[in-house]
Peer 1: 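Let me give you the structure first, and then I'll get to my questions.
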Number of protein chains: 2
Amino acid sequence: MARIRHRSLDCSPGCAVEATLQLIDGKWKGVILYHLLAEAPDGALRFNGLRRRMPNVTQRMLTNQLRELEADGFVHRTVYAEVPPRVEYRLTARGRSLEPVIRALKAWGDAHAALPTETEAA
Amino acid sequence: MARIRHRSLDCSPGCAVEATLQLIDGKWKGVILYHLLAEAPDGALRFNGLRRRMPNVTQRMLTNQLRELEADGFVHRTVYAEVPPRVEYRLTARGRSLEPVIRALKAWGDAHAALPTETEAA
DNA sequence: CAGAATCCTCCGCGATACTG
DNA sequence: CAGTATCGCGGAGGATTCTG
């Protein structure tokens, strides 16, 4: 598993929230997970396939985040011994279990486009 | 609204996920929101009330995160002109709209305690 | 095509001390 | 009680170059 980003959890019941956030935190992890989830049914994506869907990520960071997702057991990496090389990324069962979380994040983002609306003010 | 943490969003549909994550990212925001949501029905909490629920946060960071949540329109801050001072924090409507997100985060954290289970391996 | 290796910058976060 | 004010570090993450 990836290194602990934040040393200690302060375990009140809120601890679970904190713990989950730590795992999907990392600038690109949420989006990666989203794209893998979106490729139904057994959504496998290749490295450059992911890059194409995320124009602003550098290879260094994409590799980096994928490795962490792999270490945390969310993503499985399949390397085909071919030339040119082919590598596929797909979600593990654990990765798929994050679907409700990602859906909630996306739903909220879609609904509350960016800025606070006036009706939400108070 | 708080400063943009990550410069540019790469707006594919995954953008919404990224945008939401940016707002609740910040080491303590998730837990703060959780505790405010947990205090039903109109859950107001005072500064030290929050501190008590989050043993590991420093005042500096608690203040900091609360200010950002306020700037992002999630939390309302009420100052009572009294001695000793009293300040209450409560969620705005926008803040309450995050409930499904926080619930999803907590549900996942509770279910998948920490480490990957074997059944989740593949 | 899918990366590895380096270098470097910025700022999130913590520790500590002081205050109306 | 509910903050501010400083100081400093560690590491996330970007830019660039090279490779099987």
Side-chain angles (χ1 to χ4, degrees), chain A residues 1-10 18 21-32 35-36 44-72 75-90, chain B residues 1-10 18 21-32 35-36 44-72 75-90:
Chain A
M1 185 162 314
R3 93 272 90 152
I4 306 306
R5 204 176 313 268
H6 307 308
R7 254 6 100 79
S8 54
L9 300 176
D10 74 330
E18 198 179 347
L21 269 176
Q22 288 189 18
L23 291 175
I24 60 176
D25 159 36
K27 183 164 176 186
W28 307 100
K29 291 189 186 175
V31 206
I32 294 175
H35 285 300
L36 286 175
L45 283 176
R46 302 178 57 175
F47 190 80
N48 280 349
L50 279 167
R51 287 195 74 185
R52 234 169 286 122
R53 285 149 221 261
M54 304 163 61
N56 293 324
V57 72
T58 63
Q59 332 105 324
R60 172 174 160 20
M61 280 315 293
L62 183 53
T63 305
N64 189 319
Q65 303 280 288
L66 281 168
R67 288 297 194 283
E68 289 195 14
L69 288 172
E70 191 188 0
D72 286 330
V75 163
H76 183 65
R77 180 164 174 268
T78 312
V79 184
Y80 296 89
E82 302 174 357
V83 169
R86 180 160 59 106
V87 178
E88 283 186 352
Y89 293 92
R90 75 186 65 233
Chain B
M1 183 160 316
R3 91 275 88 149
I4 307 305
R5 204 177 311 270
H6 306 309
R7 253 8 99 81
S8 53
L9 299 175
D10 74 330
E18 198 179 347
L21 269 176
Q22 288 189 17
L23 291 174
I24 59 176
D25 160 33
K27 182 163 176 187
W28 307 99
K29 291 189 186 174
V31 207
I32 294 175
H35 285 301
L36 286 175
L45 283 176
R46 302 179 56 175
F47 190 81
N48 280 348
L50 280 166
R51 287 195 75 185
R52 235 169 286 120
R53 285 149 220 263
M54 304 163 60
N56 294 325
V57 72
T58 62
Q59 331 104 325
R60 173 176 166 6
M61 280 315 293
L62 183 53
T63 305
N64 188 315
Q65 303 279 288
L66 282 168
R67 289 297 193 281
E68 289 196 14
L69 288 172
E70 191 187 0
D72 286 331
V75 163
H76 184 66
R77 180 165 174 266
T78 312
V79 183
Y80 297 89
E82 304 174 355
V83 168
R86 180 161 59 106
V87 177
E88 284 186 353
Y89 293 93
R90 75 185 65 234

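Chain letters run A, B, ... following the sequence lines, proteins first and then strands; every chain starts at 1. In this text, all values refer to a predicted model and were calculated from it rather than measured experimentally.
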Peer 1: Expressed as a whole number of angstroms, how long is the span from B:R67:CZ to C:dC13:C1'?
Peer 2: 17 Å
Peer 1: Just checking A:Y80: base, sugar-phosphate only, or nothing, at a heavy-atom cut-off of under 4.0 Å?
Peer 2: nothing
Peer 1: Please give, in whole Å, the distance from D:dG10 P to B:K27 NZ?
Peer 2: 15 Å
Peer 1: Where do B:V57 and B:L62 come nearest, in terms of heavy atoms and distance?
Peer 2: CG2-N, 3.7 Å
Peer 1: Among C:dG3, D:dA2, D:dT4, which nucleotide sits nearest the side chain of B:F47?
Peer 2: D:dA2
Peer 1: Among C:dC13, C:dC1, C:dG3, find the nucleotide with the atom closest to the side chain of A:R77.
Peer 2: C:dG3
Peer 1: How many Å lie between CG on B:L62 and C1' on C:dG12, as a whole number?
Peer 2: 16 Å
Peer 1: Provide, to the nearest angstrom, the distance between the CZ atom belonging to A:R51 and the P atom belonging to C:dA2.
Peer 2: 10 Å
Peer 1: Looking at A:Y89, I'd like to know whether one of its side-chain N or O atoms comes within less than 4.0 Å of OP1 or OP2 on C:dG3.
Peer 2: yes
Peer 1: Choosing from D:dG3, C:dG14, D:dA15, which nucleotide comes nearest the side chain of A:T58?
Peer 2: D:dA15
Peer 1: Using every non-hydrogen atom in the two residues, find where B:G49 and B:R53 come nearest and quote the distance to one decimal.
Peer 2: O-NE, 3.2 Å
Peer 1: Spell out yes or no: do the side chain of A:R60 and the base of D:dG13 have one donor N/O and one acceptor N/O closer than 3.5 Å?
Peer 2: yes
Peer 1: If I compare all heavy atoms of B:A44 with all of B:R90, which pair ends up nearest, and what's the gap?
Peer 2: CB-NH2, 3.3 Å
Peer 1: Find the distance B:M61:CE to C:dA15:P and express it as a whole number of Å.
Peer 2: 11 Å
Peer 1: Can you tell me the distance, in whole Å, between the CG atom of A:N64 and the C1' atom of C:dC7?
Peer 2: 15 Å
Peer 1: Whole angstroms only, please: what is the CG-P distance between B:D25 and C:dG12?
Peer 2: 9 Å
Peer 1: Nearest heavy atom decides the nucleotide; on that basis, is B:V87 or A:P85 closer to the 5' end of DNA chain D?
Peer 2: B:V87
Peer 1: Return the value, rounded to whole Å, for the distance between atom CD of B:Q65 and atom C1' of D:dG3.
Peer 2: 16 Å
Peer 1: So, for A:I24 and A:K29, which heavy atoms are closest and what is the spacing to 0.1 Å?
Peer 2: O-CB, 3.6 Å
Peer 1: Taking the nucleotide of DNA chain D with the closest heavy atom to each, which residue, A:Q59 or B:G49, is nearer the 5' end?
Peer 2: B:G49
Peer 1: Run through B:R77, B:R46, B:E70 and flag the one making a side chain to side chain donor-acceptor pair (under 3.5 Å) with B:Y89.
Peer 2: B:R77
